2 protein chains.
Amino acid sequence: MGRPSVEQQPAAGAGDAASVTTGDLCRSILARHRDTVSVRNPELAVPRLQRILEAALDLSNSGGFQAMSLRDLSRASGLSTGGLYAYFDSKTTLLKMILVEVTDVVERVLSDPPETVTTDPVAHLRWMIDAHLALTENLLPWFTFAFMEAKNFPPAERRIAIDSEELTERLFGEVIARGVETGCFRADASPLLPALIKPLLQDWYVKRAKYRRRNVTRETYSATVQEVVLAACLAEEGERPTGPGARAG
Amino acid sequence: MGRPSVEQQPAAGAGDAASVTTGDLCRSILARHRDTVSVRNPELAVPRLQRILEAALDLSNSGGFQAMSLRDLSRASGLSTGGLYAYFDSKTTLLKMILVEVTDVVERVLSDPPETVTTDPVAHLRWMIDAHLALTENLLPWFTFAFMEAKNFPPAERRIAIDSEELTERLFGEVIARGVETGCFRADASPLLPALIKPLLQDWYVKRAKYRRRNVTRETYSATVQEVVLAACLAEEGERPTGPGARAG
DNA sequence: GCCTATCTATCGAACGCTCGTTAGATTTTT
DNA sequence: AAAAATCTAACGAGCGTTCGATAGATAGGC
């Protein structure tokens with residue numbers, strides 16, 4: 001425990017998705033909630049908070065946040081039920097700590113592409129898909145929590161999750177729009193396409209167990225999504241399917 | 001009340017996705033759980049069960065199944081808390097009633113394509129996409145419940161949801177495989193493609209509020225998904241994106 | 001036609017238990 | 001010894017579920 005607590009910086013300011021760790025997020029959370037966490041010594045607070053949050057994510061992701069009791073969390077984190085309240089002032093605050101941190105790191109990473117890809121829409125789109133997948137893989141329990149639980153959050157917290165999702169969608173939309181402008185994407189690309197990319201990216205962590213069972217690597221998944229998206233952006237008029245086709249009902 | 005209760009048939013045996021109603025599902029549920037529902041008169045039981053289930057879906061879909069108390073359900077359905085137990089013997093049974101019925105109707109509809117589409121893989125694929133979207137649109141709260149809540153279900157019930165999903169994926173896989181055999185789909189179509197169709201279809205009901213707000217019709221959404229999927233199945237070698245592309249981290 | 005016995009469907013109070021949260025005592029660190 | 005961090009014990013509220021009571025319909029005997 002001897003290490004002095006210098007570099008208490010915002011954590012992971014760079015766009016390097018794969019480098020963001022749980023510890024980074026915990027330090028950032030502590031800085032953000034300095035007033036609700038009553039433990040003043042960061043040498044104590046950071047590792048304790050990390051144990052609490054890791055246990056909270058683990059319990060929430062199997063059974064739901066509602067179903068996780070603070071007694072469960074106490075047992076899993078090693079602190080007493082009362083002791084937990086030194087790190088958050090209500091169960092909802094605990095939820096918000098995680099949620100805000102996740103949405104924030106998505107924005108930080110995706111808004112900061114390396115200069116090498118910004119000139120080419122195809123490379124930029126590939127990078128965004130890969131960066132998103134890398135980030136979610138790295139912080140899997142955080143994303144599972146933030147976006148699978150969101151539906152059951154109180155209205156204010158649900159708003160945060162929805163806004164984050166729309167920001168991501170907008171970032172994809174902007175890249176595609178630039179590709180259309182510069183002529184490398186077809187002009188009549190569906191305006192729905194940015195919305196459809198999101199579920200493809202989410203499936204990687206939502207159905208993570210399935211893909212692990214099938215030995216699908218992130219590289220394979222990423223390449224496949226890139227292909228599907230680019231096929232929809234690049235395809236020539238001539239070979240597009242004709243007409244709306246068969247309907248049910 | 002005066003109507004005699006004839007046609008108590010399995011309900012919606014045909015593959016006509018758009019014609020399946022909540023009432024159909026309730027009659028089917030009653031037939032399936034004849035031993036756990038203690039109310040013997042169907043003239044009473046069907047409408048009561050429908051009120052109970054509609055209220056249960058409504059409450060569960062805003063706040064989660066766990067968070068819905070039977071006192072909430074009692075208030076919303078008009079029966080007393082004790083009275084509810086004439087229609088199910090535990091809260092988990094109530095969950096199972098809905099879940100099994102949803103997974104069953106998906107299988108019934110998607111496994112029964114009209115003869116007009118079975119000969120042409122492109123038409124078949126279009127039909128499956130459209131039929132799935134039509135079905136989920138029609139029974140929106142049922143699907144929201146079955147597949148958004150599934151993560152927090154007890155193991156046995158979660159298994160049901162996962163199996164249903166894999167069945168759907170397999171049905172898509174078979175159509176694509178037939179298309180490859182007959183030569184109208186490219187031979188090197190990604191084996192991941194069937195898995196990626198599912199999240200595209202799910203987004204239609206998971207993010208339903210978003211698409212409604214943007215005035216996206218089912219026809220538009222369906223056509224877009226069909227285009228994206230077929231672009232990935234049909235695209236020629238020549239214009240496929242080259243190599244795995246940029247990586248993050 | 002009426003009284004009685006039986007059955008069906010529903011009610012609402014009560015049970016044992018767990019929940020999130022708090023306050024005061026206790027331990028650990030400085 | 002003072003301060004910081006944590007623990008223990010308790011509170012009221014709410015949970016899923018049970019169960020005896022009951023209103024209304026139904027059927028049979030006279």
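Predicted model only: the values in this text are computed from it and were never measured. Throughout, a chain's letter reflects where its sequence line sits, starting with A, and its residues are numbered from 1.
For the pair A:Arg108 and A:Asp112, the salt-bridge criterion is not met [side-chain N within less than 4.0 Å of a carboxylate O].
Under the 6.0 Å distance and 45° angle rule, B:Lys91 counts as a cation-pi partner of B:Phe65.
For B:Tyr85, whose side chain is taken as the heavy atoms from C-beta onward, the closest listed nucleotide among D:dT6, D:dG16, C:dT21 is D:dG16. Taking the side chain of A:Lys91 as heavy atoms from C-beta on, and the options C:dG20, C:dC11, C:dA9, the nearest nucleotide is C:dG20. Here the side chain of A:Ser80 is nearest to one of D:dT6, D:dG16, D:dA5, namely D:dT6. Side-chain atoms of A:Asn41 lie closest to D:dA5 of the nucleotides C:dT21, C:dA9, D:dA5. Among the nucleotides C:dT21, C:dA9, D:dT6, the one closest to any side-chain atom of A:Thr81 is C:dT21.
A:Leu79 places its CG atom 16 Å from the P atom of C:dT21, with the value rounded to the nearest Å. A:Asp89 has its CG atom 8 Å from the P atom of C:dT22, to the nearest Å. Look at CZ on B:Arg75: it is 14 Å from P on C:dC11, rounded to the nearest Å. Straight-line distance from the CZ atom of A:Phe65 to the P atom of C:dC19: 14 Å, rounded to whole Å. One can place CZ of B:Arg48 at 4 Å from P of C:dT10, the figure rounded to the nearest angstrom. With rounding to whole Å, A:Leu49 atom CG is found 16 Å from D:dT6 atom C1'.
Side-chain atoms of B:Arg71 and base atoms of D:dG16 include a donor and an acceptor less than 3.5 Å apart.
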Exercise. Hey, mind stepping through A:Asp89 and A:Thr36 against side-chain hydrogen bond (donor to acceptor under 3.5 Å, both in side chains) and telling me if it holds?
Worked result: CA-CA 6 Å; A:Asp89 54 18; A:Thr36 63; 5.2 Å; no
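Considering only side-chain N and O atoms, B:Tyr87 lies under 4.0 angstrom from the phosphate OP1 or OP2 of C:dT10. In terms of phosphate contacts, B:Ser69 brings a side-chain nitrogen or oxygen within less than 4.0 Å of OP1 or OP2 of D:dC15.
Within a 6.0 Å sphere centred on CZ of A:Arg214, heavy atoms belonging to other residues, nucleotides or ligands number more than 12.
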